[in-house]
Amino acid sequence: MSRQLNYVMAIREALFQAMQADPSLFMIGENMRAGIRPESRGLFQEFGDDRVIDMPISEAAFTGFATGAALAGGRVIVEYQVSSLIFPAFDQLVNQVAKLPYMLGGQRFLPVTFLIMGAGAGGGRAGQHSDNPYPYFLHAGIKTVFPTTPGDAKGLMLAAIAEDDPVAVFAPVGVYGTSGPVPEERIAMLLGQGVVRRAGTDVTVVAGGPHALQAVALAETLKEEGISLEVWDPLSLLPLDKAGLEASVNKTGRLVIYDDSNRTCGFAAEVAGLAAERCFHALKAPIKRVTRADVVIPYSAPIEAELLPTPNRLEAAVRAVLG
Amino acid sequence: MSRQLNYVMAIREALFQAMQADPSLFMIGENMRAGIRPESRGLFQEFGDDRVIDMPISEAAFTGFATGAALAGGRVIVEYQVSSLIFPAFDQLVNQVAKLPYMLGGQRFLPVTFLIMGAGAGGGRAGQHSDNPYPYFLHAGIKTVFPTTPGDAKGLMLAAIAEDDPVAVFAPVGVYGTSGPVPEERIAMLLGQGVVRRAGTDVTVVAGGPHALQAVALAETLKEEGISLEVWDPLSLLPLDKAGLEASVNKTGRLVIYDDSNRTCGFAAEVAGLAAERCFHALKAPIKRVTRADVVIPYSAPIEAELLPTPNRLEAAVRAVLG
Amino acid sequence: MPDADKQSLDTDAALYRRMRLLRRFEEMAGDLVRGGEIQSAVHDYIGQEAVAVGVCAALGPDDVITSTHRGHGHILAKGGDPARMLAELLGRESGYNKGRGGSMHIADLDLGIFGANGIVGAGAPMACGAAFMFKTRGESHVAVPFFGDGAMNQGVLLESFNLAVMLHLPVVFVCENNGYAVTTPIGEVLKGSILERAAGFGLAVEAADGMDVRAVRATAERAVARAREGGGPSFLEFGTCRYSVHNISAGAAWQDERAEAELADARGRDPIDRLAREMLAEGLWSPEDRTRIDAEVESELEGGLGFARNSRRPDPESAYDFMYARLYPGLPARGTDS
Amino acid sequence: MPDADKQSLDTDAALYRRMRLLRRFEEMAGDLVRGGEIQSAVHDYIGQEAVAVGVCAALGPDDVITSTHRGHGHILAKGGDPARMLAELLGRESGYNKGRGGSMHIADLDLGIFGANGIVGAGAPMACGAAFMFKTRGESHVAVPFFGDGAMNQGVLLESFNLAVMLHLPVVFVCENNGYAVTTPIGEVLKGSILERAAGFGLAVEAADGMDVRAVRATAERAVARAREGGGPSFLEFGTCRYSVHNISAGAAWQDERAEAELADARGRDPIDRLAREMLAEGLWSPEDRTRIDAEVESELEGGLGFARNSRRPDPESAYDFMYARLYPGLPARGTDS
Ligand SMILES: Cc1ncc(C[n+]2csc(CCOP(=O)(O)OP(=O)(O)O)c2C)c(N)n1
Ligand SMILES: Cc1ncc(C[n+]2csc(CCOP(=O)(O)OP(=O)(O)O)c2C)c(N)n1
Ligand SMILES: [Mg+2]
Ligand SMILES: [Mg+2]
């Protein structure tokens, strides 16, 4: 699988192959027909206007529309062009589609995939276009993946579409520019499987998306000093590979979580809580969280940078847990 | 302050006194005029239709309405009759009112109080009327209080209204029936101050609302066996009294969090994450979370009970950390 | 499952029988609330029977409805089994939702009942999604979201009006205007006309007397026929009256401010008595027929209640079932594991 | 702060000058984007100047506007200081939002500019809330939410129409219909008429040519006068055209499918040239006057850009400021403390 592909192109390939493979699958979102966004470019031309539908700026209604289509036996992909667009649709997400199968006593499950583009901060996207809101979905019990490499993007996008439950795919802007090996075939990865991006023995760093790549880079630097970082990437935030997390932390005895969602009740808090219960006896040092500050992301570069998790802060935390 | 008052009546008294004290304060919500809900009964008759306004079933718009009134110099209380009604208004809450003061560079702060009634499960209120959604607000950086006793309800309601920032007051149904001492005067409590509901030496139980009362009751039972529980009630979830939490955990060396919000990325996760960093060296046992399961709350009593945190499970967790 | 003929509403006698079933079902639910067998909220449908029954008389088994917090009437009108509904209200495993849902979430997807909903307006976009599936599959089915006057101010419903028009969907929006949202008169929160608001979205609109089941049926039949033939979505408003308080479990505490005169007037136009009177005047039946049908309804409900009471509650361990189609280790998280 | 006379728009020359300022401001912003001094999204207002300037000509300093993602024009029209706006776009401490906001959040509450907004439709309910304060305080001010055609499908805006009518608020809703939401033609997502949709909520509606600043001003003056006098809310639709791509930072990649002919036609009706021509024909000014005003605008913008470039960026440590009015220990949480 030496074929190299860009991250967003990998998502696009997954969408094309999934639509080809399942004629009952359709996709809704905003401004797809004109194909200004690379992930959906050409989809409309390929699959036509009854399978690729441009929606009005009605996030709540078109989310419920997808739910109703699924209740009627359809399979649907819903695209939100910016991560904060889940907020106008929030009731239809956390209070409707996420709850209906259970409230209905399992009469039907709802195969709806939520593709959330533009997740995360960077480049002055400011207060309403920089959120990484996956913790809201995790708290609501919505299955959620956070692909790091182009290969993950294709494999997890396909996995999300294959699932018979609502699954959210968060695509972090920080890796849009990256390329990597992506299999040509339509092969879904598995939910609930983390990956050791880099093996190490002294400290476990839990990180996904661009932050996983930064952690691996830091690991290379610290190697010089004989510090051995293990970088564990969850990839699937819900279900979470708790066994994989536990194995890594039990091995290293030290845990730093490096995550770009808000700190309070964020993903890092959940990981810390898990480790503090499951790995307590193996822990040699306090668990450290290196996260986004609980502050709105500002526009101006120096203050934006100040509020985001950085490799320097990760390094400081690593050194701190090494005592 | 021997005067006894019911929990909901204490909220009502706070609303009356705050409206009396500040003629610029007004309140919006649904079905207030008819006074069917005890917390707002009589408000309309007392303060008239330009200070107590019945809103249409437009949670998003009337939340933004409050924001705009505050931008124009007003002070507003917004009532949501059920906790899940924050979801249709979610963008206006976490993406607008919570972010505007910062995004505007501090040009104005927004004194809006969100009174969220009917928080929590019990009695078959089922999937869409049983949420305890405060973790969403904590993650969004919205100041949040969770009053346990009638005295807290009045004091924290007044504190929330006095604050120049948005503050959410979650009123858990589980304590609506309780009565207790409530000062007649209009005295606000302080945000960010937890309270030791019962002092102990062996295990710290962090719990608020009805669960704090249950924890105190359990402490009395376990006393017989010579097990000494300290029950620490945060009262203010954001800002959180981290020093108070730290002091208690450092004293007992054991922590169980007993919380009725969803488990993943919930309040208990945040408390566990804090303790696992700040109190690591004092901890003698794994941190345990006794929470609601990450499952939609069902209607039928036996399965509803199965999914909620119970004193029995708290007791089991306490015994587990005592080894 | 009620047998097929029980489902058809193509005679006036069947309309009467069904309305009577709705009425007596809710009265029974009220007794169960007062008797303490139901603790939770129950928003009864008494007084509004002609709307659900008249509309569903225009629908076939493959058509779909979405309902509201006040859903019992819609579900029975669409053919829901009172026994399984009562079992749900009593929190039994044999209930429609296996005891997971209760009053505000009863559904029977096999009967095209996409569920009551605890959130005002939330079902409407789902009806649009179902209608879209019908259209793209080349099926001639229709989707009918029911909602109240108060829902006319909820954004997601208004957005749904646009979706249905934009995609020319076979949707018939049904607004049950009982004049109030809990205690708030619609005139205080919606100035002007409900019909004009809907028409402004490009919906074909029509109103009829929601206390006259034949008028409702005739109106619904026109709208449904147009939708089936690809004529697009429409909006129907039916004026009606809720006799009880908003939520009978809240009881007298929620007594609203409606003048007795207003209620008395409505009771004077009671949809069930009205149809019965008309049928008698038209010689369509005899008083004995009515008595017989009433008795049938009683025994059906008695049988249903017996079935419900004799069913067992769900096993606590089953509480985790149905959250997901596919489970994973540690999913869903329990409240004590990590 | 621009001096008072700069703010008044009561002569045609002032209208011209302001429209020219909007146009050249956006052209300058475009240069800054292409030059790499602005990385972030910029939704320019070029082509739509007559709407913001015509509407704001009907407003006084105490009236309030809410704006959109395409906000520069509204802010300048309401009297915003180009220097502080440019400073904001360059992320400087001297910017309107101290560098916290950027293009999509510029605000000046002192000038009644309640801010651009990154979420379509989100500003409208805030305008209603401000209007409510005016009304209860006995002030005669008016609130004007600006929004695009695409926002007509967003629930919170539709809910706001109802709120304004229900509370009889001094609100003038201004829909800038440039025909597209990003690349999606309004006709594809909103069938029928924007005006009828608004009228259906009970709003007084009127439309005018958004490429004719005098027509816009006259229309706005009527609506604003009625609102001031307690006549209630209204809705204005102005047809206009966005010359550039939706977001100039996205550049050619976002080139939409609009036919050159469509753009050429719009440019032929350019609002700035049109007013200039009319004034000349009416003998209201000479070519020299125009040249002088253009030069003034250039120097104002040059000065503004100099001011912005010479201002410093915010100090990193200040990043935590303004999140709350009152701070507490550990609030807001930093990314590394616990
Ligand atoms: C979005 C939302 N807001 C508020 C509520 C609380 N609530 C439940 S029913 C109801 C009144 C609904 O009135 P209407 O739509 O006219 O239906 P009716 O009860 O009259 O049948 C309200 C406000 C809710 N369930 N959902
Ligand atoms: C609620 C919401 N949905 C989607 C977006 C993404 N978005 C930004 S601008 C825009 C188009 C808005 O069109 P219109 O309202 O006509 O304004 P215009 O850009 O034409 O001025 C979209 C879809 C958003 N910011 N907010
Ligand atoms: Mg009603
Ligand atoms: Mg537009």
Side-chain angles (χ1 to χ4, degrees), chain A residues 24 26 28 50-51 53 55-74 76 88-89 91-92 95-111 141 143 163-166 190-192 236 238-243 273-278, chain C residues 64 66 88 93 95-102 104-110 114-115 117-119 121-137 141 143 155-163 166-167 314 321-333 337-338:
Chain A
S24 82
F26 71 100
I28 63 176
D50 60 353
R51 293 188 62 198
I53 302 118
M55 284 283 140
I57 307 177
S58 308
E59 287 76 12
F62 73 64
T63 302
F65 178 90
T67 305
L71 283 166
V76 196
D91 182 73
Q92 287 290 334
N95 207 27
Q96 303 291 341
V97 71
K99 289 178 175 178
L100 271 168
Y102 186 90
M103 294 193 295
L104 269 49
Q107 289 182 49
R108 196 153 301 164
F109 292 98
L110 301 174
K143 292 178 174 179
E163 201 80 355
D164 287 332
D165 295 308
L190 296 175
L191 298 193
S236 172
L238 191 79
L240 182 68
D241 179 1
K242 296 175 184 177
L274 288 169
E277 175 164 8
R278 298 160 71 107
Chain C
V64 156
T66 63
E88 188 62 32
E93 183 73 33
Y96 263 123
N97 306 39
K98 299 195 166 61
R100 270 68 179 165
M104 274 193 280
H105 304 292
I106 302 179
D108 182 345
L109 297 185
D110 297 332
F114 276 18
N117 203 304
I119 302 301
M126 300 176 202
C128 293
F132 175 80
M133 292 305 293
F134 299 154
K135 192 178 172 191
T136 52
R137 289 197 205 116
H141 314 319
V156 74
L157 176 63
L158 300 167
E159 290 181 350
S160 300
F161 293 162
N162 178 70
L163 263 188
M166 164 192 157
L167 296 169
D321 301 345
F322 312 125
M323 184 68 192
Y324 300 104
R326 185 188 293 181
L327 300 177
Y328 291 85
L331 188 77
D337 67 16
S338 271

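Residue numbers begin at 1 in each chain, while the letters A, B, ... track the order of the sequences. Values in this document were obtained by computation on a predicted structure and should not be read as measured data.
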Point-to-point distance, once rounded to the nearest 0.5 Å, from [atom1] of [X] to [atom2] of [Y]:
| X | Y | atom1 | atom2 | answer |
| --- | --- | --- | --- | --- |
| Tyr328(C) | Leu190(A) | OH | CG | 7.0 Å |
| Ile119(C) | Asn95(A) | CD1 | CG | 4.5 Å |
| Lys99(A) | Met323(C) | NZ | CE | 9.0 Å |
| Asp108(C) | Gln107(A) | CG | CD | 5.5 Å |
| Ser160(C) | Phe65(A) | OG | CZ | 10.0 Å |
| Asn162(C) | Met55(A) | CG | CE | 10.0 Å |

Which one wins on heavy-atom pair count under 4.5 Å against chain C: Leu191(A), Asp50(A), Ile28(A), Thr67(A)? Leu191(A)
What residue in Pro239(A), Ala60(A), Gly106(A) has the most heavy-atom pairs under 4.5 Å with chain C? Pro239(A)
Heavy-atom contact with chain C under 4.5 Å, split by part of [X]:
| X | value |
| --- | --- |
| Ala243(A) | neither |
| Ile53(A) | side chain |
| Leu100(A) | side chain |
| Tyr102(A) | both |
| Asp91(A) | side chain |

Under 4.5 Å from a heavy atom of chain A, the part of [X] involved:
| X | answer |
| --- | --- |
| Ile106(C) | neither |
| Leu163(C) | side chain |
| Met126(C) | both |
| Asn117(C) | side chain |

Just by modelled atom types, is the Ala122(C) backbone N or O under 3.5 Å from a matching donor or acceptor in the Gln96(A) side chain?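 Judged by distance alone, no pair lies under 3.5 Å.
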Mark yes or no for whether Asp165(A), through its side chain, and Arg326(C), through its backbone, hold a donor-acceptor pair below 3.5 Å.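 Judged by distance alone, yes, a pair lies under 3.5 Å.
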For the student: nearest non-hydrogen atoms of [X] and [Y], plus distance:
| X | Y | answer |
| --- | --- | --- |
| Met133(C) | Gly74(A) | CE-CA, 3.5 Å |
| Asp164(A) | Ala325(C) | CB-CB, 3.7 Å |
| Phe132(C) | Phe26(A) | CE2-CE1, 3.5 Å |
| Met166(C) | Pro56(A) | SD-CD, 3.5 Å |
| Leu104(A) | Asn97(C) | CA-ND2, 3.5 Å |

[options]: which one forms the most heavy-atom pairs within less than 4.5 Å of chain A?
| options | value |
| --- | --- |
| Gly123(C), Pro329(C), Ala130(C) | Ala130(C) |
| His141(C), His105(C), Glu88(C), Lys135(C) | His105(C) |
| Leu327(C), Leu331(C), Leu167(C), Thr136(C) | Leu331(C) |

